[in-house]
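Computed from heavy atoms alone, side chains included, the values below leave out hydrogens, waters and symmetry copies. Bear in mind the structure is a predicted one, so any value in this text is a computation, not a measurement. Residues take their numbers from the sequence shown, with the count starting at 1.
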Amino acid sequence: MLVLLVAGVACSQPRKEVILATTTSTQDSGLLDVLVPRFEEKTGYKVKVIAVGTGQALTMAKQGNADVVLAHAPAAEKEVVVQGYCVDRRLVMHNDFIIVGPPSDPAGIKGKKKAAEALQAVAQSRSPFVSRGDDSGTHKMELSLWNKVGLTPTPGDWYIQSGSGMGVTLNVASEKAGYTLTDRATYLALRKNLHLDIMVEGDAVLLNIYHVMLVNPQKFPKINQKGARAFADFMVSPESQKLIGQFGVDRFGQPLFFPDAGKSEEELGG
């Protein structure tokens, strides 16, 4: 009887682990190494970070295998909200995508103003291009750029799919003297070990916006609703927004992310 009573009490205890499905860029850049310990210290929750591409993170949400999601693919995020898998989607921060490549720049794209035209030049020169190929937010952005110039590259001699996160993809591009699309934060965090320079930046279409969303507790009652909400609230709190705005300044002389809590995508031009 005592055993059953203890087991019953244990089962009634609120779950102290929060499962965060997020993109590899938030982990590879080191941002979560700053934010997660602070959240755990303040709340007593433990965060289990599962860093995958945004597509996989959203799939986890649709299967009820995460409590909260931090993603960077606005169109896909809106779709899971409309479908009822996620709720309370809030803008957290932004940075931008850039195209990087070997210093020799065999495709001659350095300084181009339009990212899609740069990719077209890469394809025409058949210079190596390394795609994540993993349905991540970065991969979705890359595909939208190819679509703008009417191209659908398939894996072959010059178009390579890593099937991996941003850090691995950057390393493959560096090893193969190829080009790739990356978020600026991950590139800057890993730059010292890469033989890649920034080729294209500043195109308005390269805006990279991150939102936090709760997995819908009405659809998945077993998720840690309180923990998920605590994490989402923490991400848009003044304290976290300040940490986000300061992250990277000491190492790179510039922030890797820009805090945006309370703003709308329209204000950012998204």
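Atom NE2 in His72 sits 9.5 Å away from atom CE in Met141 (nearest 0.5 Å). Summarising the geometry, atom CG belonging to Leu206 is positioned 9.5 Å from atom NZ belonging to Lys114; distances are rounded to the nearest 0.5 Å. Between the CG atom in Leu20 and the CG atom in Leu32 there is a gap of 6.5 Å [rounded to 0.5 Å]. Here the CE atom belonging to Met166 is positioned 7.0 Å from the OG1 atom belonging to Thr24, to the nearest 0.5 angstrom. One distance of note links CG of Leu143 with NE2 of His139; it measures 4.0 Å at 0.5 Å rounding. Rounding to the nearest 0.5 angstrom, the gap separating the CD atom in Glu40 from the CZ atom in Phe231 is 9.5 Å.
Note on Lys140 versus Asp135: salt bridge recorded, some NZ/NE/NH1/NH2 to OD/OE distance being below 4.0 Å. Ion pairing of Glu265 with Lys78 is present here, as a side-chain N (NZ or NE/NH1/NH2) and a carboxylate O approach within less than 4.0 Å. Taking the charged nitrogens against the carboxylate oxygens, Asp67 and Lys48 have no contact shorter than 4.0 Å, which rules out a salt bridge. With respect to Glu142 and Arg132, no salt bridge is recorded, no charged nitrogen being found less than 4.0 Å from a carboxylate O. Taking the charged nitrogens against the carboxylate oxygens, Arg126 and Asp157 do have a contact shorter than 4.0 Å, which makes a salt bridge.
A donor-acceptor contact under 3.5 angstrom links the side chains of Asn65 and Gln63, judged on distance only. Side chains of Tyr159 and Thr154: a donor-acceptor N/O pair is absent below 3.5 angstrom, by distance only.
Annotation: cation-pi geometry not satisfied between Lys42 and Phe234 (NZ/CZ under 6.0 angstrom from ring centroid, within 45° of ring axis).
Side-chain atoms of Glu17 and Asn224, non-hydrogen and from C-beta on, never get closer than 4.5 Å to each other. Looking at Ile50 and Gln56, their side chains never come closer than 4.5 Å, going by heavy atoms from C-beta outward. Residues Val249 and Gln254 are not in side-chain contact: their nearest non-hydrogen atoms beyond the backbone lie 4.5 Å or more apart. Side-chain contact between Tyr179 and Met199 is present, with at least one heavy-atom pair separated by less than 4.5 Å. For the pair Leu170 and Thr186, the minimum side-chain heavy-atom distance is below 4.5 Å. Between Glu77 and Arg89, the closest side-chain pair of non-hydrogen atoms falls below 4.5 Å.
Residues Leu145 and Val130 fall into different hydrophobic clusters, defined by Ile, Leu, Val, Met, Phe, Trp and Tyr side chains chained together at heavy-atom separations under 4.5 Å. A continuous path of Ile, Leu, Val, Met, Phe, Trp and Tyr side chains, each step under 4.5 Å between heavy atoms, connects Leu70 with Leu243, placing both in one hydrophobic cluster. There is a path of hydrophobic side-chain contacts, each under 4.5 Å, that joins Leu181 to Val122. Criterion: ILVMFWY side-chain heavy atoms under 4.5 Å apart, direct or through other members. Under it, Leu35 and Val236 are part of a common hydrophobic cluster. Linking ILVMFWY residues whenever their side-chain heavy atoms come closer than 4.5 Å, directly or via other members, leaves Val69 and Val52 in distinct clusters.
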Given the rule in the side-chain contact (heavy atoms from CB on, under 4.5 Å) test, do Asp88 and Arg229 qualify, once you have shown the distances and angles that lead to the verdict? CA-CA 9 Å; Asp88 195 18; Arg229 184 167 296 283; 3.0 Å; yes

Applying side-chain contact (heavy atoms from CB on, under 4.5 Å), run through Val68 and Val212 and close with a yes or a no. CA-CA 7 Å; Val68 61; Val212 67; 3.7 Å; yes

What verdict does the side-chain contact (heavy atoms from CB on, under 4.5 Å) test give for Asn216 and Cys86, after you've listed the backbone C-alpha separation in whole Å, the side-chain angles of each residue and the deciding distance to 0.1 Å? CA-CA 5 Å; Asn216 190 349; Cys86 287; 5.9 Å; no

Determine, step by step, whether Asn95 and Asn208 satisfy the side chain to side chain donor-acceptor pair (under 3.5 Å) criterion, reporting the C-alpha distance in whole Å, the side-chain angles of both residues, the deciding distance to 0.1 Å, and the verdict. CA-CA 5 Å; Asn95 60 9; Asn208 184 22; 2.8 Å; yes

Using the rule given for salt bridge (charged side-chain N to carboxylate O under 4.0 Å, His left out), can you reason through Glu239 versus Lys242, listing the C-alpha separation, both sets of side-chain angles and the distance that settles it, and then say yes or no? CA-CA 5 Å; Glu239 175 188 1; Lys242 184 177 180 180; over 6 Å; no

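The shortest heavy-atom contact between Ala21 and Met60 is CB-SD, 3.9 Å. Nearest heavy atoms, Ser29 versus Phe247: O-CZ, 3.1 Å. Closest heavy-atom contact between Ala121 and Lys112: CB-CE, 4.1 Å. For the residue pair Asp105 and Lys110, the shortest heavy atom distance occurs at OD2-N, 3.0 Å.
Relative orientation of the Trp146 and Phe129 rings is perpendicular, given thresholds of 30° and 60° on the angle between their planes.
Residue Tyr210 forms a side-chain contact (heavy atoms from CB on, under 4.5 Å) with just one option from Leu31, Leu91, Thr23, and that option is Thr23.
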